[in-house]
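Throughout, numbering of the chain's residues begins at 1 and tracks the sequence.
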Amino acid sequence: MDFETLRKNCLDCRKCGLCETRTNVVFGTGNPHAEIMFIGEGPGQREDEQGLPFVGRSGQLLDQYLSAIHLSREKNIFITNIVKCRPPQNRDPLETEQEACWPFLEAQIQLVQPKILVCLGRIAAQKLIRPDYRITREHGRWEQRDGVWMTAFYHPSALLRDVSKRPDTFSDLLSLREKLKELEI
Ligand code: URA
């Protein structure tokens with residue numbers, strides 16, 4: 001399946017209850033040929049209104065961090081979420097919602113074929129890396145699976161709530177920059 005067909009299927013999706021309350025499906029944005037994919041949890045209010053991922057306050061912070069290591073969503077990365085529709089009141093997406101949405105993310109990863117996958121926050125890390133992933137203890141560590149390097153950073157909304165976590169994320173960003181060098185990206 002090509003990217004546009006996948007996007008159309010995703011925009012029409014009614015596989016879970018989130019379709020009842022969404023304004024827009026948030027499929028993902030960026031370069032579909034990127035070597036780096038960032039994966040968040042699910043759309044918030046602004047993302048639901050605009051149909052684009054990470055456009056609210058946490059997205060602005062994410063863009064600042066990306067530009068600090070000379071990355072931009074247009075050029076070098078593709079950004080999406082575990083669930084493509086906003087959970088009401090920004091609650092954690094339910095396991096059933098994550099499962100219903102999983103085939104879209106799986107297909108996106110297969111089409112983009114990233115060399116690096118960065119999970120933003122616990123929910124994405126537990127879905128993509130390991131169900132018992134501990135973000136506080138394990139953020140910034142790298143592991144390779146099926147030829148793809150994977151890591152997790154604190155979610156930018158956690159960095160907005162707790163600025164004391166920001167230096168750790170800065171180190172994680174530097175480790176991403178090192179990984180890019182190592183892989184000659
Ligand atoms: N938080 C997320 O996890 N994803 C978004 O797209 C926006 C906020």
Side-chain angles (χ1 to χ4, degrees), residues 1-59 61-63 66 73 77-135 138-139 143 145-158:
M1 192 187 302
D2 63 41
F3 224 68
E4 272 320 299
T5 312
L6 182 66
R7 182 196 299 275
K8 274 203 198 101
N9 292 348
C10 188
L11 298 191
D12 288 341
C13 179
R14 302 196 62 81
K15 282 195 290 186
C16 83
L18 296 181
C19 70
E20 305 292 343
T21 47
R22 74 183 176 216
T23 310
N24 285 295
V25 175
V26 180
F27 176 73
T29 190
N31 180 351
H33 307 292
E35 307 204 271
I36 314 163
M37 252 176 106
F38 275 72
I39 300 176
E41 175 179 325
Q45 184 186 347
R46 298 270 173 260
E47 291 76 20
D48 176 59
E49 285 164 4
Q50 295 184 38
L52 291 168
F54 285 100
V55 287
R57 282 181 66 219
S58 55
L61 185 61
L62 178 64
D63 283 340
L66 292 175
R73 40 176 110 190
I77 63 180
F78 188 80
I79 309 184
T80 187
N81 285 301
I82 296 288
V83 295
K84 314 301 193 210
C85 298
R86 183 190 182 202
Q89 279 81 49
N90 299 343
R91 63 161 169 74
D92 288 353
L94 304 175
E95 193 51 47
T96 49
E97 294 161 351
Q98 295 185 38
E99 276 305 302
C101 221
W102 174 249
F104 292 120
L105 181 57
E106 197 178 29
Q108 285 174 317
I109 295 171
Q110 271 169 15
L111 286 167
V112 176
Q113 295 204 311
K115 294 201 173 102
I116 292 178
L117 223 152
V118 180
C119 301
L120 294 171
R122 172 181 62 87
I123 300 275
Q126 291 186 342
K127 191 76 193 165
L128 286 156
I129 302 180
R130 216 176 318 108
D132 63 353
Y133 193 91
R134 300 283 302 270
I135 191 85
E138 300 181 72
H139 68 86
E143 52 189 270
R145 199 177 304 161
D146 302 326
V148 180
W149 283 101
M150 302 179 71
T151 191
F153 294 174
Y154 282 121
H155 193 285
S157 66

Non-hydrogen atoms of [X] and [Y] that approach each other most closely:
| X | Y | result |
| --- | --- | --- |
| G30 | P32 | O-CD, 3.3 Å |
| S157 | S58 | N-CB, 3.7 Å |
| P114 | M37 | CG-SD, 3.8 Å |
| P156 | F54 | CG-CE2, 3.9 Å |
| A34 | F78 | CB-N, 3.6 Å |
| P43 | E47 | CB-CB, 3.7 Å |

Can you find a heavy atom in the side chain of [X] that is under 4.5 Å from one in the side chain of [Y]?
| X | Y | result |
| --- | --- | --- |
| V118 | I77 | no |
| F38 | P53 | no |
| T29 | V55 | no |
| L62 | L120 | yes |
| K127 | W102 | yes |
| C119 | I129 | yes |

Which value, rounded to the nearest 0.5 Å, describes the distance between [X] atom [atom1] and [Y] atom [atom2]?
| X | Y | atom1 | atom2 | answer |
| --- | --- | --- | --- | --- |
| M150 | L117 | CE | CG | 5.0 Å |
| N31 | I79 | CG | CD1 | 11.5 Å |
| D146 | I109 | CG | CD1 | 10.5 Å |
| T23 | D48 | OG1 | CG | 3.5 Å |
| T151 | E138 | OG1 | CD | 10.0 Å |
| I123 | I39 | CD1 | CD1 | 14.0 Å |

What residues form a salt bridge (charged side-chain N to carboxylate O under 4.0 Å, His left out) with [X], not counting sequence neighbours?
| X | value |
| --- | --- |
| D132 | R130 |
| E106 | none |
| K115 | E35 |

Between [X] and [Y], is there a donor-acceptor pair closer than 3.5 Å when you use the side chain of the first and the backbone of the second?
| X | Y | result |
| --- | --- | --- |
| Y154 | H139 | no |
| N24 | V26 | no |
| E97 | C16 | no |

Inset, instruction - Return each pair, listed once, that meets salt bridge (charged side-chain N to carboxylate O under 4.0 Å, His left out) where at least one residue sits in residues 20-34; pairs must be two or more places apart or across chains. - result: R14-E20

Legend entry - Exceeds 12 heavy-atom contacts within 6.0 angstrom, atom NZ of K15: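 Check passes, neighbour count above 12.
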
Solution key, residues 80-89 side-chain donor-acceptor pairs under 3.5 Å, sequence neighbours excluded:
| unit_1 | atom_1 | unit_2 | atom_2 | d |
| --- | --- | --- | --- | --- |
| T80 | OG1 | F27 | O | 2.8 |
| T80 | OG1 | K84 | NZ | 2.9 |
| N81 | OD1 | E41 | N | 3.2 |
| N81 | OD1 | G42 | N | 3.4 |
| K84 | NZ | N81 | O | 2.7 |
| K84 | NZ | Q108 | OE1 | 2.8 |
| R86 | NE | N90 | OD1 | 2.9 |
| R86 | NH2 | N90 | OD1 | 3.1 |

Legend entry - Qualifying residues under side chain to side chain donor-acceptor pair (under 3.5 Å), relative to E4, sequence neighbours excluded: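 E4: side chain to side chain donor-acceptor pair (under 3.5 Å) contacts with R7.
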
